[in-house]
Amino acid sequence: MLSIENLSTSYGLIRALKGVSLTAEDGKVTCILGPNGAGKTTLLFTAAGILKPSSGSVKFDGAELAGSSAPRILQQGLALVPENRLVFPQMSVRDNLLAGAYIRHRSEATEIAEDLENMFDRFPVLKEREEQTAGTLSGGEQQMLSVARALMSRPKMLLLDEPSLGLAPLIVDEIFSIIRQMNNDGISILLVEQNAVKALEVADHFYLLDQGKVAFSGTPGEMANDDVIKRAYLGEH
Amino acid sequence: MSLYVASTLTNVALISFLALSAYLVLVVGEVSFGQQAFFAIGAYVTATVTAIFGGHIILALFLSTIAGGLAALLLAALVIRLSGLYFAIASLCFAELLRLTLLRIRIPLEIDGRSTGMDGPEGFSNIRWIFENDFEVTDFLILTVVCLLALLLLLFYFERTTVMLRARLVGRDSLLAQSLGVRPDHYRMAFIGLSGMVAGFGGALFALFNTHIEPQMFGVMLGVHALAYTVIGGLGAPLGPLIGVGIDIGLLESIRALSEYRMIAFGGLVAVLLIIFPQGLLSPRAVNRLWGRIRRRDV
Amino acid sequence: MDFLQTSIDGLLFGSAYALLALGFSLIFGIMKRINLAYGSSLLFGGALAVWLEPIIGWGAVGVFLVTVLGAAFAGIYVERLCFSPHLGKTGVMASMIASFAIWMQLDEISSQLLPHRTHSFAGIDIEAVSFSGIILRGDQILHFWVAVVAIGALYWTLYRTRFGLLLRASADDPDTAYLLGGKVARLGMATFGLAGVLGGIAAFLILSSDGQITPHFGLWSTFKGLIAMMLGGVGSLPGAIVGGLLLGFAEAHVTFYLGAEFRDILTFGLLLLILVLRPGGLLGEAIYRTGRLAAERI
């Protein structure tokens with residue numbers, strides 16, 4: 001379980017997070033909604049150790065992670081899939097996936113090879129493109145590669161930053177079915193999304209982040225009945 | 001003023017022209033390893049005009065400036081599509097090609113019983129304009145410093161114009177500049193051309209002062225030094241390059257006691273200085289802050 | 001026959017250029033910076049070897065080891081002082097000028113280690129081989145094989161080891177490589193060390209072939225490595241190899257047919273031509289299309 005308590009993060013003088021508290025349960029999909037600039041990405045970056053919080057705590061399965069380095073947090077089983085599909089464009093799909101397993105110990109070589117095959121089973125399109133460089137993949141394929149690469153580190157929880165951003169509707173559907181499938185396989189997911197309609201299909205719990213604070217917390221049912229959210233995120237009048 | 005001090009100061013002023021020319025290229029965001037080429041062209045043109053044709057100094061300076069500017073425009077036209085490392089290496093190639101060509105050109109002449117004219121590696125000797133016109137070392141120092149000050153005033157004036165603002169924008173973000181309707185290539189051409197003119201003018205004075213020039217004087221070391229002065233001094237204002245020159249030659253002279261170990265100490269010092277002031281001493285940010293403070297005091 | 005002989009001589013010598021270019025390419029690939037002090041760090045290795053030779057002994061083997069280790073050490077020193085403090089986007093200029101300053105410094109230190117203008121450098125005597133009129137100098141054959149082994153080892157490191165994987169990932173996108181748990185901070189040092197080893201091997205080959213070392217070697221090898229890299233394609237390893245061989249080939253022919261004084265004119269002319277016509281180098285990407293040019297501003 002990931003539990004974030006009173007977390008604050010600043011860029012210089014600008015406080016992007018002003019005491020955020022939330023929890024993401026094991027085996028569940030937790031979704032964070034919010035407008036641009038609400039601090040969603042900052043929250044994920046702080047949880048993943050790329051940004052250092054100015055105060056507050058990030059506990060994952062009881063271990064305090066706030067202030068740890070990104071590699072250490074990854075070792076604890078918390079993997080970030082950044083937005084904009086940051087693959088290694090000059091490396092082959094296969095090498096991209098192997099790079100995802102970099103954190104794992106040398107002695108796990110056979111398990112890593114097995115996981116590689118599992119990824120190709122799960123994402124057949126990646127198998128087809130195994131030796132191609134990642135830069136030649138389409139946006140949706142790069143997003144799948146980016147997710148698969150994160151899975152190669154065998155995380156307990158994935159932090160997904162706007163996986164549907166800039167993708168065609170059909171591809172978005174595919175990405176969300178992958179998210180549900182991963183969740184069924186037992187991986188907890190903390191999802192940041194703007195596409196609330198799609199998020200409603202997969203998420204077990206919602207948080208609304210606004211100007212660096214949690215403005216709403218509830219189940220999908222509660223969220224769908226909230227007038228403000230309905231108007232702002234679900235496009236209903 | 002002793003002869004030694006006067007000639008050191010003159011050298012400082014002459015190298016400052018080259019540093020300012022590197023500065024103008026840096027303003028539009030390019031790095032040139034080849035400014036010494038335009039310096040050399042200015043020097044050889046002035047040498048030819050004064051020593052062979054007995055031309056007037058004003059004519060020589062004028063032609064040198066034009067020749068330097070034209071050569072720079074030629075380089076710019078060839079490589080305008082390039083930027084970054086590619087531009088830097090292309091300018092280096094250009095300068096080295098020029099130097100290697102100068103080494104091959106041998107047209108020795110004899111004028112009034114003195115050998116002069118371009119003579120390959122032997123260089124161009126007997127550029128006797130300062131002797132013929134009874135210029136003392138201090139007179140020449142005054143001439144050089146006056147020219148340098150005039151150029152600086154011009155650049156200071158220039159600094160407050162929209163042209164300079166746009167050029168800096170091109171240097172910082174060429175795509176953004178384009179989206180605002182500025183044509184980056186025009187500004188880059190113009191500023192590279194200007195830098196060639198400044199270098200050509202400086203080279204002309206250099207030839208007159210040294211009375212003997214040879215291709216080896218215009219090697220890549222000269223150009224990279226000029227660039228280094230500009231970066232150490234900072235890109236915020238035209239004074240930056242001068243500060244860089246002052247620090248280098250000033251420090252070199254002051255730690256002469258170390259003699260052979262001078263470059264060892266100095267090289268390390270520059271590296272450490274850049275760790276403390278990565279943008280140079282007069283960085284654009286520092287200059288803006290300084291201006292802000294001065295203005296507030298006025299109010 | 002002359003043509004064949006000259007071509008072979010050029011290509012064999014070019015294998016050392018290829019090693020120099022690989023060192024440059026490696027640094028550029030990882031850091032997106034050029035290291036002006038590269039040649040000087042090789043000179044430092046060579047000068048240290050000559051200086052220590054009477055103390056260590058071991059003949060050519062000792063000289064080889066000290067040259068390579070000295071170059072790698074100097075490379076790491078350059079990285080610490082000139083590159084690791086200036087990692088941000090704004091630090092490109094500062095790192096280049098700092099490396100220029102350290103170039104001056106290393107040249108001066110090397111000159112202090114070499115009090116005379118030229119010093120003899122341990123050569124290796126291998127008998128020349130000749131068949132059907134073609135003569136292959138022993139040291140040139142050695143050049144070639146050492147370069148082949150070194151390049152093979154480099155490729156093995158890059159494509160078969162975890163370290164190589166991280167190195168390539170970091171060259172592509174250092175931030176993401178960090179995200180995946182790579183110790184990116186120390187990667188710069190490792191890269192400079194590796195480039196120093198490659199360059200050190202090249203320096204030993206060239207210096208032992210010449211039988212002497214002068215303080216000019218620093219500038220010379222910086223130029224040759226840079227030119228070979230840019231001919232082949234910036235940041236591309238196969239490009240560096242092709243560029244090195246091409247440079248050796250072209251130089252040998254110009255020297256043979258036009259004379260040594262035209263060699264450098266040709267070198268710079270060729271490079272300028274390639275920069276104007278195909279700036280990515282022969283095997284490099286077409287830089288205009290990919291838009292990487294803007295990202296690689298120095």
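What you see is a predicted model; the values in this text were computed from it and never measured. Quick note on labels: first sequence line is chain A, next is B, and so on, each numbered from 1. Note: hydrogens, waters and symmetry copies are ignored here, and every other heavy atom, side chains too, is used.
- When heavy atoms are compared at a cutoff of 4.5 Å, C/Leu106 does not approach chain B at all.
- With sequence neighbours left out, B/Tyr229 forms a side chain to side chain donor-acceptor pair (under 3.5 Å) with B/Asp248.
- When heavy atoms are compared at a cutoff of 4.5 Å, B/Leu273 does not approach chain C at all.
- In this structure, the ring of C/Phe100 has its center no less than 6.0 angstrom from the ring center of B/Phe33.
- Looking at B/Arg99, neither its backbone nor its side chain comes within 4.5 Å of chain C, counting heavy atoms on both sides.
- Interface remark: C/Met104 contributes backbone and side-chain atoms alike to the contact with chain B (heavy atom separation under 4.5 Å).
- Per-residue heavy-atom pair counts under 4.5 Å with chain C were compared for B/Val272, B/Leu92, B/Val224, and the maximum is reached by B/Val224.
- In this structure, C/Phe13 and C/Tyr17 have perpendicular ring planes: the angle between them is above 60°, well past the 30° mark.
- Minimum heavy-atom separation, C/Tyr38 to C/Thr222: C-OG1, 4.2 Å.
- The aromatic rings of B/Phe39 and B/Phe218 sit perpendicular to each other, their planes meeting at more than 60°, with 30° as the lower class boundary.
- Only the side chain of B/Val79 comes within contact range of chain C, with heavy atoms under 4.5 Å apart.
- With rounding to the nearest 0.5 Å, the separation of CG in B/Leu82 from CG in C/Leu275 is 6.0 Å.
- Put simply, the side chain of C/Ser236 never gets that close to the backbone of C/Gly232: no donor and acceptor are under 3.5 Å apart.
- Residue C/Leu198 is tested with C/Leu19, C/Leu42, C/Leu20 for a side chain to side chain contact (heavy atoms under 4.5 Å, CB included); the sole match is C/Leu19.
- C/Ile227 does not touch chain B: none of its heavy atoms, backbone or side chain, sits under 4.5 Å away.
- Contact annotation for C/Ile274: neither backbone nor side-chain heavy atoms come within less than 4.5 Å of a heavy atom of chain B.
- Side-chain contact between B/Val25 and B/Val31: absent, with no pair of heavy atoms (C-beta onward) separated by less than 4.5 Å.
- A salt bridge links B/Arg188 with B/Glu30; the closest basic N to acidic carboxylate O contact falls under 4.0 Å.
- Proximity to chain B among residues 43-51 of chain C is not found for any residue, judged by heavy-atom separations below 4.5 angstrom.
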